[in-house]
Amino acid sequence: MIISASRRTDIPAFYSKWLINRLRAGYVVSVNPFNRGQVSQISLKAEDVEVLVFWTKNPAPLLPYLPELDRMGYRYYFQFTLNGYPRLLEPGLPDVGDLIRTFRQLAEQIGPERVIWRYDPILFTERTDFRYHRKRFAELLKMLSPNTRRVVISIADDYKDSLQRLSLLEHQGFARLEQPQSTPEFGDFFIELAELANNAGLEIYSCAEIYNLQPFNIRPGKCIDDEYIHRVFGIKVTASKDRSQRLECGCVTSKDIGAYNSCIHDCIYCYATHNRKTAHQNYSSYQANSPSLGLAPSVAGEI
C-alpha cells in the first residue's frame, strides 16, 4: 500500500507532529471527503506501507523527524513545489530563498533522487506570462538542479474558487491570459523548458495535463510512479491507475490521509482550499493526537 501525504493539504508544513504521532501509533482514520459518512482505518505500520509520498511547499517542519522515519523502516520521497511566485499569489509561504535552502537541506539529508521538484501550476497572467516563466524557471533550475533528478510541470486549471480569488488581483496585473495554448508562443515555451531541464540533467514530466505536451519533448508523468519507485527503492508496487483521480492523472493507486480546507499557505491558485477562513479555523482547532485530520478526536477515536 502506498500512502499519499497528501494531495489535499500540506502535511509536512503544518501537520508534521500529527503525522509522526500517527506513524508511531501505526494507523490513521481517513474520511472520504465526498462522503463524510464513509470512514476507514488505514494501517500505517512500516511493514504495511510500501512507500510514503509527501506533497509539500515547505517540508522544513518534518526534517527533524526524518531520522525517526528511517529507523522505523519507512521508504519515502518528496514532491516539493517551488514556484517562486510573487507574494500576492503565495502569501503564506516563506521567502523563496529560505525554501531553496530547505530544498537543498532535504536533498542532502535523503538524496536528490528522492526530492522531485514541482514547478506547477504554471499560471499565465499579465504579470506571469511566457517571458516571466522562462526567466523564473531558468533561475530556479540553476539553483535546484544539483539537488534533484526530476522536474514536474503543469498548466493551472480553471477551478471556480481559484478563478474567483485570482479575479480580485486583476487590478494588480494578474488578469488571466485567455487560451495561452492557442498562441504561437505556447509550443516554443515548453520546448525551451524541456531543453533547459535536459541540459541540466533533469527528467521533465507533465502532471495530469489535458494538453498534449509530448510534441514539445515533455512526457506525461506519474507523480506516484511505480517505475520511479522501483528504480529508487528496488521494489515493485501496483501499476494500476488510481481510479479516484482525474482521467489525465497517471498516478498508481494510493491512500490519501489528508483533508481538504486545512492548508494555510493561502495560494491563490489552490484547488484543495475552497474557503480560506475555514482552512484557518480547521488548522487552529486541529489536535496533534487526533487519529484523523478530518474528524474531531472524540469521533475518530470511536472508529
Side-chain angles (χ1 to χ4, degrees), residues 2 4-8 10 12-13 51-59 76-85 90 93 96 99-100 102-104 106-107 110-124 128 133-134 136-157 189-232 241-242 245-252 254 256 265 267 269-272:
I2 300 171
S4 169
S6 155
R7 290 183 178 92
R8 302 170 185 167
D10 195 330
V51 181
L52 282 164
V53 182
F54 294 116
W55 313 71
T56 185
K57 291 185 176 182
N58 179 22
Y76 55 89
Y77 67 94
F78 284 79
Q79 299 272 349
F80 192 144
T81 298
L82 209 169
N83 301 317
Y85 275 126
E90 299 176 330
L93 287 178
V96 67
L99 293 173
I100 289 169
T102 297
F103 196 105
R104 291 170 173 168
L106 176 62
I110 68 173
E113 67 282 352
R114 291 163 62 191
V115 185
I116 295 174
W117 173 34
R118 301 181 68 90
Y119 186 80
D120 84 313
I122 297 174
L123 182 63
F124 290 113
T128 58
H133 283 292
R134 282 192 184 95
R136 199 61 172 137
F137 183 85
E139 291 170 343
L140 292 172
L141 178 67
K142 183 177 181 180
M143 292 181 279
L144 299 178
S145 59
N147 311 108
T148 186
R149 300 292 179 262
R150 177 179 291 193
V151 60
V152 174
I153 60 96
S154 71
I155 302 169
D157 291 312
F189 169 74
F190 284 104
I191 288 173
E192 184 171 346
L193 292 197
E195 289 179 349
L196 287 168
N198 292 333
N199 289 340
L202 269 61
E203 304 172 317
I204 184 168
Y205 289 93
S206 64
C207 169
E209 187 52 64
I210 62 174
Y211 301 109
N212 179 18
L213 301 182
Q214 293 189 81
F216 315 128
N217 301 320
I218 298 175
R219 291 177 288 172
K222 306 176 186 179
C223 299
I224 301 183
D225 185 339
D226 54 312
E227 295 177 0
Y228 170 86
I229 289 170
H230 182 259
R231 188 173 74 195
V232 173
K241 172 179 164 50
D242 193 332
Q245 301 302 318
R246 296 180 280 171
L247 177 64
E248 297 82 13
C249 177
C251 287
V252 301
S254 66
D256 198 294
H265 286 314
C267 299
Y269 50 77
C270 182
Y271 67 87

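On a predicted model such as this, the values are computed, not experimentally measured, just so you know.
Heavy-atom minimum distance, Leu202 versus Val151: CD2-CB, 4.1 Å. Scanning both residues, Ser206 and Ile218, for their nearest heavy atoms gives N-CG2, 3.7 Å. Residues Leu123 and Thr128 share a closest heavy-atom pair of O-OG1, 2.7 Å. Here the shortest heavy-atom pairing between Lys142 and Ser145 reads O-OG, 3.9 Å. For the residue pair Ser4 and Ser254, the shortest heavy atom distance occurs at CB-OG, 3.8 Å.
No more than 12 heavy-atom neighbours from other residues, nucleotides or ligands sit within 6.0 angstrom of CZ on Arg219.
With Trp117 contributing its side chain and Leu82 its backbone, the two residues share a donor-acceptor pair below 3.5 Å. In this structure, the side chain of Lys241 engages the main chain of Cys249 through a donor-acceptor pair within 3.5 Å. Put simply, the side chain of Arg114 gets close to the backbone of Tyr76: a donor and an acceptor are under 3.5 Å apart.
One finds the SG atom of Cys251 at 5.0 Å from the CD1 atom of Ile224 (value rounded to the nearest 0.5 Å). Considering NE2 of His265 and OG1 of Thr56, their distance stands at 5.5 Å, rounded to 0.5 Å. Between the CG atom in Leu99 and the CE atom in Met143 there is a gap of 11.0 Å [rounded to 0.5 Å]. Rounded to the nearest 0.5 Å, atoms CD1 (Ile122) and CD1 (Ile153) are 4.5 Å apart.
Taking the six-membered ring where tryptophan is involved, the planes of Phe124 and Phe189 are perpendicular, since the angle between them exceeds 60° and thus also 30°. Taking the six-membered ring where the residue is Trp, His133 and Tyr119 present perpendicular rings, their angle passing 60° and hence far from 30°.
With salt bridges taken as basic N to acidic carboxylate O contacts below 4.0 Å, one links Arg150 and Glu203.
Taking the six-membered ring wherever Trp is involved, the centroid distance between the rings of Tyr205 and Tyr228 does not fall below 6.0 Å.
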